[in-house]
Protein chains: 2
Amino acid sequence: MATIKDIAREAGVGVGTVSRHLNGVTLKPQTARKVQDAIDRLGFTLNQVARGLKTNRTRTVGVVIPNFADIYGSTMVKYLERGLAEHGYGILVCDSSDNPVTEAEKVSQLLQRRVDALFLYPCSSNLSYLQRIPELAGPESKFPVLVADMKADGYLCDQVRTDNRDAARIAIRKLIADGHRRIGLISGPNGYFTAEERKQGYLEALEEGGISPEDSLMHMTPHFDEEGGKTALEAMLDATDPPSAVLACNYYTTLGAVQAVYDRKLCMPDELALIGFDNLGLSAMVRPALSILVQPMEEIGTEAARLLIRRMHGDREGFPVVLEMKANLLLKGST
Amino acid sequence: MATIKDIAREAGVGVGTVSRHLNGVTLKPQTARKVQDAIDRLGFTLNQVARGLKTNRTRTVGVVIPNFADIYGSTMVKYLERGLAEHGYGILVCDSSDNPVTEAEKVSQLLQRRVDALFLYPCSSNLSYLQRIPELAGPESKFPVLVADMKADGYLCDQVRTDNRDAARIAIRKLIADGHRRIGLISGPNGYFTAEERKQGYLEALEEGGISPEDSLMHMTPHFDEEGGKTALEAMLDATDPPSAVLACNYYTTLGAVQAVYDRKLCMPDELALIGFDNLGLSAMVRPALSILVQPMEEIGTEAARLLIRRMHGDREGFPVVLEMKANLLLKGST
DNA sequence: AACTGGATTGGAAACGTTTCCAATCCAGTT
DNA sequence: AACTGGATTGGAAACGTTTCCAATCCAGTT
C-alpha cells in the first residue's frame, strides 16, 4: 500500500506537504494539484492507525451494552453511531452478555485500543471497576465516560437515560384519571435502578391520587423477565381483591403479562386495563392494541453522541451532566 | 501513560524483553518477575494502536449493516461479536441506513481504519463499489470479506445466509400437507435477493405438490414493509377465490398480515392459516400463537465469525464459500 | 579453570503519520 | 537589480510498539 512518502516522491514534494494537504491545509494551487494527482495515481488511502499513534486520538468511541439482540440497546446504539459518524467518529462495540465481569473486561480491552471515550450501558449499577482503571481513576480524569440507562452517581461520568419516574407516573396518572383505584405494578428486582425508579414513579402517582399503596399490588419480579411478568399478573388476578389496571415496567414483563391476559381470556380494557413498556412493534400485535410507554431511544442515542462529542473536544461544561429524557405514553385500546 | 520504555527502565531490562513478556514469550523466571512488577507498579497497559501500526494488524473486523434497530441484523452481530471476541478481535460497526451510497462510504472509512476483515450485510446486491477499492480489487486480493444475507456471486467474498428457498419450501410443504391448495405469498420487491429466493422456494413447493402457481396469489410488495403486507393480504382476501393459507416472507409483512387478519376478525387457522417470518417474540403475542419461520441468526453470526477468523489466519480453503443455514419452522396455533 | 554453544537478553531500526523548525520562495518595495 | 519579510515548503524527530541481529549469560563438559 502506498504511503505518504510514496506520494511525496511521486509528486516531487516533501512529506510534510502531503500531510498538510491531507489535513485540509491550503497549499499553493499547483502544489495541491501535484499532490492530489499522485494520490489518485497511486490509490493512496491514509493510514488512520499511524495517525492515531501520532495524534493520540483514534476518533473511536468504545461501546458496551448488555445485549445487542435487545431492541432497546441496539436502537440507542443506532442513533449514537449516527450522531458520532457525522463528526467522523466510529464505534467499537462489545456485548457484555449482561455479565458485570465481562463488562469490566470489555472496558479495559477498549481502553487498550485507545478509544477516545466510552459509552456504557451497564448491566448493574456497580461501576467500581472504573476506579481501578488508571486512565479513569483520580478526580482529575478527563477521559469522557457516558453511562446510559443507569444511575452512576459517585462516578465521574455523564449520564443519559429515560426519566423512569416520570414515565411510570404519567402512566399511573392516566389510569387514575380513567377511574382506576386498584392499580398493579410489575417491575424488576430490588436493587435494579430502572425497576426501582419506575416503582417510585408509581408510588408518587398513587400518592397524588390519594391512593395508598398495597404490597400485594407491587411485584418486583426477580429477573424482570417474561416468566416473572406472567407469574406476577396471575398472582394479582388470583388474589382476593384483584387490580383493575396494571403497568408492566419493561418489554419482557409486558410479554408475560399479555400472555396471562390471553390465557385467562380477559377482555381489555374492561376486565383489565394494561399498559406495557418499550416495544412499539409489539403494541399493534395485541388486540385491542396495547397502550405502551415508549422510551426515547433515539433521543438518548442522539443526545449521548452530542454530549460525547463535546466532551471529546474538551468542553467540560456542567460535568457531570444527568440528562433524563421523557418517555412517551401511547394510548391504544388496552386502556 | 507508561510506555514499554518506562517499564524497561523501571525493571532494568531492555524494551525487547518487555515486549517479549507482553507477547507471551517465557523469560527467565526472575526477569519475568521484575518485568511484571514494573508493569503492575506503573499501571502499564499496552497501546494497541502502536502495536497495530507495527504489526499491520488491528485485530478488528469492520461491520456494516443496514439497520441496527432491526432485530435480525443486531442478533447476527451479537453472535459475530461473541465469536470474534473469543479470539481477541473487536468489531467496528456502522449502520448504512439502508442506503447503498452510505454503505460504500462506510466501507472505505473502515478500510482507512485498517480493519483486518469486513462483515457486510449489504442493503442491495450491487456490491460494485468493492471493485473500486484498491485493497480489494484484483483477483489476487487476500483481504477477507464476508457477505451476510445477500447474494454476492461474482465478487470475491465468502457468503453466509439463511437458505431462503428451503425456508419458504418447508413452510409451503407444511401448508400443503395440511390440505391447503390455494396458498398466498407475500414477499418483497423483485430484484431483492431474499424476496426472490423465498418466492422461488414457494414455487418449488407448489410444483412438488402439483399445484400450479397463480399470479393473483403472489404479492411482491414494493418495500417489504408492514403497509405492503397488510395491503397484499387484503387484496388476496378481496379477490374472487381467496387463499386458505398465506406465507408472509419477512417480519414487517408479517406484522401487516396479522393486522389484516385482526381487522377482518378472521379466525386462524380455520378461516386463514398464516405463517410469519423472523421474529420469535412476536409469535406469542398473537392469538392463536403464530407459526413462524425463524432464521438462524445465531448460527449465521457464529459461522461468520468462525470463517472470518480462519480467513484472517490465512486459511483460504474453499474460497469463496457459500454457507446456507436452515431456517426453523416453529408450528403454533395459526396453522 | 577454560571452553562451548544453546538460551536469554539488549537495543537499533522500522511501521506511517504529524508537527515543528529551518530553509526556500517570491511578490512587493526600494 | 537588490532587498525584505510573509508565505510556502522540506524534512527530521517523534508517537509506542515489534523484531531482528548481535551481545551476553551460564550450565554442562573438558
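In what follows, every chain begins at residue 1, and chains take the letters A, B, ... in the order their sequences are listed. Atoms considered below: every heavy atom in the structure, side chains included; atoms not considered: hydrogens, waters and symmetry mates.
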Item to check | First-last contacting nucleotides on DNA chain C - partner chain B, under 4.0 angstrom, heavy atom | outcome: C:dT8 to C:dG16
Checklist entry - Residues in side chain to side chain contact (heavy atoms under 4.5 Å, CB included) with B:Pro66, at least two apart? => result B:Ser96, B:Asp98, B:Tyr121, B:Cys123
Next on the checklist: As an exercise, state the distance from CZ of B:Arg57 to CD of B:Gln48, rounded to the nearest 0.5 Å.
Outcome noted: 11.5 Å
Next on the checklist: For A:Phe68 together with B:Tyr79, are the ring centres under 6.0 Å from each other?
Outcome noted: no
Item to check | Sequence-distant partners of A:Tyr72, side-chain hydrogen bond (donor to acceptor under 3.5 Å, both in side chains), two or more places apart | outcome: A:Asp149, A:Gln295
Checklist entry - According to the interplanar angle, ranging from 0 to 90°, do the rings of A:His313 and A:Tyr89 count as parallel (below 30°), tilted (30 to 60°) or perpendicular (above 60°)? => result tilted
Checklist entry - B:Glu303: what forms a side-chain hydrogen bond (donor to acceptor under 3.5 Å, both in side chains) with it, not counting sequence neighbours? => result B:Arg306
Next on the checklist: Taking side chain to side chain contact (heavy atoms under 4.5 Å, CB included) as the definition, give me every residue that meets it alongside B:Thr102, ordered by chain and number, with sequence neighbours left out.
Outcome noted: B:Asn99, B:Lys106
Item to check | Neighbours of DNA chain C within residues 4-11 of chain B, by heavy-atom distance under 4.0 Å | outcome: none
Checklist entry - So what does B:Val13 touch, heavy atoms closer than 4.0 Å: a base, only the sugar-phosphate, or nothing? => result sugar-phosphate
Item to check | Under the ring pair (Phe, Tyr, Trp, His ring centres under 6.0 Å) test, residues paired with B:Tyr192 that sit two or more places apart | outcome: B:Phe224
Next on the checklist: Using a heavy-atom cut-off of 4.0 Å across all strands, would you classify A:Leu22 as base, sugar-phosphate, or nothing?
Outcome noted: nothing
Checklist entry - In dot-bracket form, how is DNA chain C paired, counting a Watson-Crick or G-U wobble pair only if both its distances are under 3.5 Å and using | for bases paired to another strand? => result ||||||||||||||||||||||||||||||
Next on the checklist: Regarding B:Ser19, tell me which of base, sugar-phosphate or nothing describes its non-hydrogen contacts under 4.0 Å with the strands shown.
Outcome noted: base
Next on the checklist: For a quick check of understanding: with a heavy-atom distance under 4.0 Å over all strands, which category does B:Asn56 fall into, base, sugar-phosphate or nothing?
Outcome noted: nothing
Item to check | Contact list for DNA chain D against residues 24-32 of chain A - heavy-atom distance below 4.0 Å | outcome: A:Leu27, A:Lys28, A:Thr31
Next on the checklist: Applying side chain to side chain contact (heavy atoms under 4.5 Å, CB included), can you list everything that pairs with A:Val321, at least two apart in sequence or on another chain?
Outcome noted: A:Asp158, A:Leu307, A:Arg311, A:Leu323
Next on the checklist: Please compare B:Val18 and A:Asn47 by the position of their nearest nucleotide in DNA chain C and report the one closer to 5'.
Outcome noted: B:Val18
Checklist entry - Residues two or more places apart in sequence or in another chain: which of them pass side-chain hydrogen bond (donor to acceptor under 3.5 Å, both in side chains) with B:Glu105? => result none
Which donor-acceptor pairs under 3.5 Å do side chains of residues 26-35 of chain A form with protein atoms, sequence neighbours excluded?
none

